[in-house]
Peer 1: 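Mind having a look at this structure? Questions to follow.
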Amino acid sequence: MARPCCSPRGYAIRPRRQSRGKLAVMSSPVVTRFAPSPTGYLHIGGGRTALFNWAFAKRHGGRMLLRIEDTDRERSTAAAIDAILDGLTWLGLDWAGEPVSQYGRAERHREVAEQLLAQGRAYRCYCTPAELEAMRAKAESEKRPIRYNGAWRGRDPSEAPAGVKPAIRFKSPQEGETVIDDQVQGTVVIPNKDLDDLIILRSDGNPTYNLSVVVDDHDMGVSHIIRGVDHLTNAARQTQIYKAMGWRMPVMAHIPLIHGPDGAKLSKRHGALGVDAYRAMGYLPEAMRNYLARLGWSHGDDEIFPTAQFVEWFGLENTGKSPARFDFAKLENLNGHYMRHTADASLLQSLVAFLPHWEEGKPMLKALEDEATRTRLLRAMPGLKERAKTLIELAKSAGFLFAARPFPSTPPPPKFWPMAERSCFLASCKF
RNA sequence: GCGCCCUUCGUCUAUCGGUUAGGACGACAGCCUUUCACGUUGUAAAGACGGGUUCGAUUCCCGUAGGGCGCGCCA
C-alpha cells in the first residue's frame with residue numbers, strides 16, 4: 001500500500017487516491033516520469049518517450065511527473081527548459097505538479113553519497129581528470145576496455161596527494177553480474193566486470209547523473225521508469241546503487257530509439273528536429289501523437305485511433321525492441337487524415353494557433369482578426385481541408401481569400417485560378 | 001577493443017510452431033472527378049545467412065554477417 005513519502009528536501013508525495021474501476025487493482029499507484037536534460041529542445045524521440053510515460057500513467061490511473069535533469073550547470077539553459085515545456089504542451093502531454101529541478105536537490109544527493117561513503121559502498125578517488133584521460137587513451141591504444149582501474153578503491157586515504165579535491169566513486173561489485181528485469185527488453189544480464197566504479201559526486205561536490213536519478217526516482221515515488229534503451233547500461237549501474245541503498249527497484253522499461261531515415265541515431269546531437277519544428281511544418285498534435293504511438297508499439301492492425309483509444313490500449317507488453325525509422329511520408333498522410341476529419345471550426349482554431357509559428361503566417365493571422373474573413377474561411381474550409389496535408393498547405397491554398405484586398409463583392413472569380421480555388425471561392429461567397 | 005540490444009515488403013508493423021506470411025504508408029496501374037485532392041479497385045514488394053531442435057520453423061537454440069546503443073568529474 002502506498003505510504004506518504006517525504007524527501008528531506010521537503011516535497012511530500014501524497015498517495016494517490018485509489019480510483020475505482022477494473023484498472024485500479026494495482027496495489028500501489030503508478031508514477032512515471034519524463035526526465036529530459038535541458039541542453040536543447042525537445043527532440044522527437046524525447047517526445048515519444050514522454051508520450052509513452054504519459055499514456056502509461058493515464059492508462060493505470062497514475063500520474064506522470066516531470067523532472068528537469070539540470071545538474072550539468074555548464075550546459076543547462078532556461079531557454080531549453082522553456083522549449084521542453086512548450087514542446088510537451090503543444091503535444092498535449094501534461095504532468096502532475098511542478099517540474100522538479102534536479103539541481104535543486106543536489107544537497108539530498110550529496111547526503112546519499114556521504115551515506116554510501118560511510119557504509120563503505122563508495123570511496124574517495126584522487127585521480128585528476130588529466131590522469132583519467134591518460135588512462136583512457138592508454139587503454140584505447142592498447143585496445144583494452146576503457147574503464148577506471150580502481151586505483152583508489154583500496155588505497156588508504158592517508159596517501160591522498162595534497163591539494164587534490166577528491167571525487168567520490170561508487171564501489172561497484174567486481175564479480176558476478178547485474179540483472180535488469182526489463183518490461184520491454186526482457187532479462188538483461190551484464191557482467192559486473194564490465195562496469196567500473198563510477199563517480200557519484202564530482203570533486204566540486206556536485207552529484208552526477210546516475211546518483212541523482214536513483215535518489216530522485218526513489219524520493220519521488222516513481223514506480224515505472226520508461227526511457228530510451230540508450231539508458232540500458234545506466235540501468236545496470238543504477239540497479240547497483242538501489243541495492244546498495246536497500247531501496248526497492250522501480251519497474252524498468254527501455255524502449256527502442258527512433259532513427260532517422262538513414263538509420264542513424266536520431267538525437268539532438270545529430271541535428272534532429274525538435275518538436276517545435278514539426279509544429280512549424282504544420283502538423284497537428286493529435287496526428288503527431290498517433291504517428292509516434294505507432295513507432296515501436298502496435299495494437300494489431302490498427303493504424304489510426306484517437307489518443308483516448310491509444311491510452312486505453314497502451315501497454316509495455318506490446319512494445320517492440322527494434323528501432324524504427326522516422327518516415328515523413330507516413331506522418332504526412334496521417335496528418336492529412338486528421339485534417340480531413342477535423343471539424344471546420346476546430347481546424348480553423350488549429351490554423352490560428354499554428355500561424356504564429358509559421359514565418360509566412362503573420363499577414364493571414366492579421367487578416368483573420370476580421371470576423372467576416374474568418375467566416376469566409378470557415379465556409380471555404382470543407383473544400384480546402386480536403387486537399388491539404390499540413391496546415392501550411394491549408395494556409396497556402398486559403399491564401400486567395402486574402403490576396404485581393406478590396407475583396408470583389410461579386411463572383412465570378414478570375415479564370416486563371418485553379419479549379420480547386422475557384423470552387424472554394426464560390427463556396428466562400430455562398431450566402 | 002569490450003558489453004548489451006536489434007534483424008518480416010523501400011518504411012511502420014501483425015504473426016504468441018502449422019497462414020495463400022496480414023495491414024498501413026509509399027510506389028505502380030485503373031476507376032471516379034471539367035484540374036488537384038479525396039474516395040475506390042488492383043498489382044508489385046518481406047522472414048539477412050548458415051546450422052540445429054521438431055512431424056513441421058518467420059516463430060525456439062547456436063553461430064555468422066549487418067546495424068544500433070553504451071563504455072565522461074554529460075545526461
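Proteins come first, then strands; the chains are lettered A, B, ... in the order of their sequence lines, and each starts at number 1. Note that the structure is a prediction, hence the values are computed from the model and not measured.
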Peer 1: Measure from the side-chain heavy atoms of A/Ala167 and tell me the nearest of B/G68, B/C73, B/C2.
Peer 2: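 Closest of the options to the side chain of A/Ala167: B/C73.
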Peer 1: Can a donor-acceptor pair under 3.5 Å be found between the side-chain atoms of A/Asp70 and the base atoms of B/A75?
Peer 2: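 Flag unset: no donor-acceptor pair detected.
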Peer 1: Quick one: ring-ring contact (aromatic ring centres under 6.0 Å, His included) pairs with a partner in residues 116-163 of chain A, sequence neighbours left out?
Peer 2: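 Counting only pairs at least two positions apart or across chains, the ring-ring contact (aromatic ring centres under 6.0 Å, His included) contacts touching residues 116-163 of chain A are A/Tyr126-A/Trp152.
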Peer 1: With the side chain of A/Val188 defined as its heavy atoms from C-beta on, choose the nearest nucleotide among B/G68, B/C4, B/G26.
Peer 2: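 For the A/Val188 side chain, the nearest candidate turns out to be B/C4.
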Peer 1: Quick one: A/Glu303 CD to B/G22 P, roughly how many Å, whole number?
Peer 2: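 That distance rounds to 15 Å.
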Peer 1: Kindly point out which of B/A75, B/C73, B/A14 is positioned nearest to the side chain of A/Arg169?
Peer 2: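 The listed nucleotide nearest to A/Arg169's side chain is B/C73.
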Peer 1: As a test of reading the structure: which of B/C12, B/C2, B/C4 is closest to the side chain of A/Arg294, going by heavy atoms?
Peer 2: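 Nearest nucleotide to the side chain: B/C12.
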Peer 1: Specify the separation, in whole Å, of atom NE2 of A/His299 and atom C1' of B/A24.
Peer 2: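 Taking NE2 of A/His299 and C1' of B/A24, I get 16 Å after rounding.
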Peer 1: Taking pairing as Watson-Crick or G-U wobble with both contacts under 3.5 Å, can you name the mate of B/A44, or confirm there isn't one?
Peer 2: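 With both distances under 3.5 Å required, B/A44 matches none.
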Peer 1: In chain order, what residues pass the ring pair (Phe, Tyr, Trp, His ring centres under 6.0 Å) check against A/His341, with sequence neighbours excluded?
Peer 2: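 Partners of A/His341 by the ring pair (Phe, Tyr, Trp, His ring centres under 6.0 Å) criterion, ordered by chain and then number, come out as A/His337.
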Peer 1: So, taking the atom named CZ in A/Phe310 and the one named OG1 in A/Thr307, what distance separates them when rounded to the nearest 0.5 Å?
Peer 2: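 Answer rounded to 0.5 Å: 8.0 Å.
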Peer 1: By nearest atom, which of the nucleotides B/G3, B/C73, B/A75 is closest to the A/Gln102 side chain?
Peer 2: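 Output: B/A75.
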Peer 1: So does A/Arg136 get a side-chain nitrogen or oxygen closer than 4.0 Å to the phosphate oxygens (OP1/OP2) of B/C2?
Peer 2: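 A/Arg136 to B/C2 OP1/OP2: no side-chain N or O under 4.0 Å.
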Peer 1: Expressed as a whole number of angstroms, how long is the span from A/Tyr209:OH to B/G70:P?
Peer 2: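 About 12 Å, once rounded to whole Å.
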Peer 1: For residues 167-217 of chain A, pull every pair meeting ring-ring contact (aromatic ring centres under 6.0 Å, His included), keeping only residues two or more places apart or in separate chains.
Peer 2: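 Sorted pair list: A/Tyr209-A/His231.
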Peer 1: Given atom CD of A/Glu69 and atom P of B/A75, what is their separation to the nearest angstrom?
Peer 2: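 The answer, rounded to whole Å, is 9 Å.
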Peer 1: If you go through the side-chain atoms of A/Ser203, does one of them form a donor-acceptor pair with the base of B/C73 closer than 3.5 Å?
Peer 2: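 Yes, the side chain and the base share a sub-3.5 Å donor-acceptor pair.
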Peer 1: Once you round to the nearest 0.5 Å, how far does CG of A/Leu42 lie from OH of A/Tyr278?
Peer 2: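 The distance works out to 11.0 Å.
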Peer 1: I need the CD-P distance between A/Glu74 and B/G72, as an integer number of Å.
Peer 2: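 It is 19 Å, rounded to the nearest whole Å.
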Peer 1: Please output the side-chain donor-acceptor pairs of residues 157-167 of chain A that fall under 3.5 Å, not counting sequence neighbours, one pair per line with the distance.
Peer 2:
{"unit_1": "A/Ser158", "atom_1": "OG", "unit_2": "A/Asp156", "atom_2": "OD1", "d": "2.7"}
{"unit_1": "A/Glu159", "atom_1": "OE1", "unit_2": "A/Arg155", "atom_2": "NE", "d": "2.9"}

Peer 1: Rounding to an integer number of Å, can you tell me how far A/Asn290 CG sits from B/U13 C1'?
Peer 2: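 After rounding, the gap between these two atoms is 14 Å.
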Peer 1: Assuming nearest nucleotide by heavy-atom distance, tell me which of A/Gly300 and A/Pro207 is located more 5' along RNA chain B.
Peer 2: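 Going by which nucleotide is closer to the 5' end, it is A/Gly300.
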Peer 1: Show me the donor-acceptor pairs, under 3.5 Å and distance only, between side chains in residues 84-94 of chain A and residues at least two apart or in other chains.
Peer 2:
{"unit_1": "A/Asp86", "atom_1": "OD2", "unit_2": "A/Arg279", "atom_2": "NH2", "d": "2.7"}
{"unit_1": "A/Thr89", "atom_1": "OG1", "unit_2": "A/Leu85", "atom_2": "O", "d": "2.7"}
{"unit_1": "A/Asp94", "atom_1": "OD1", "unit_2": "A/Trp54", "atom_2": "NE1", "d": "2.7"}

Peer 1: Taking atom C1' in both B/U58 and B/G18, what distance in whole Å separates the two?
Peer 2: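 My reading of the C1' atoms in B/U58 and B/G18 gives 12 Å.
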Peer 1: Got a sec, which residues hit side chain to side chain contact (heavy atoms under 4.5 Å, CB included) with A/Glu131, two or more places apart in sequence or on another chain?
Peer 2: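 Counting only residues at least two positions away or on another chain, A/Glu131 forms a side chain to side chain contact (heavy atoms under 4.5 Å, CB included) with A/Cys127, A/Thr128.
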Peer 1: Taking only residues at least two apart or on different chains, which pairs with a member in residues 324-333 of chain A satisfy side chain to side chain donor-acceptor pair (under 3.5 Å)?
Peer 2: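 Sorted pair list: A/Tyr283-A/Glu332, A/Glu303-A/Lys330.
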Peer 1: Tabulated below should be each protein N or O lying under 3.5 Å from an N or O of nucleotides 6-11 of chain B; please produce it.
Peer 2:
{"unit_1": "B/C6", "atom_1": "OP1", "unit_2": "A/Lys321", "atom_2": "NZ", "d": "2.4"}

Peer 1: Report yes if at least one side-chain N or O of A/Ser298 is closer than 4.0 Å to OP1 or OP2 of B/A14; otherwise report no.
Peer 2: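 Affirmative; the distance criterion is met.
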Peer 1: Establish whether the base of B/G70 is bridged to the side chain of A/Asp230 by a donor-acceptor pair shorter than 3.5 Å.
Peer 2: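 No.
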Peer 1: Name the pairs: protein N/O against N/O of nucleotides 37-47 of chain B, kept only if under 3.5 Å.
Peer 2:
{"unit_1": "B/A37", "atom_1": "O2'", "unit_2": "A/Glu386", "atom_2": "O", "d": "2.7"}
{"unit_1": "B/C38", "atom_1": "OP1", "unit_2": "A/Lys389", "atom_2": "NZ", "d": "3.3"}
{"unit_1": "B/C38", "atom_1": "O3'", "unit_2": "A/Arg340", "atom_2": "NH1", "d": "3.4"}
{"unit_1": "B/C38", "atom_1": "O2'", "unit_2": "A/Glu386", "atom_2": "OE2", "d": "2.7"}
{"unit_1": "B/G39", "atom_1": "OP1", "unit_2": "A/Arg340", "atom_2": "NH1", "d": "3.4"}

Peer 1: For A/Ile84 and B/A75, what is the distance between atoms CD1 and C1' respectively, to the nearest whole Å?
Peer 2: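 Those two atoms, CD1 and C1', are 11 Å apart.
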Peer 1: Atom CG of A/Asn206 and atom C1' of B/A75: how far apart are they, to the nearest Å?
Peer 2: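 Computing the A/Asn206:CG to B/A75:C1' distance gives 14 Å.
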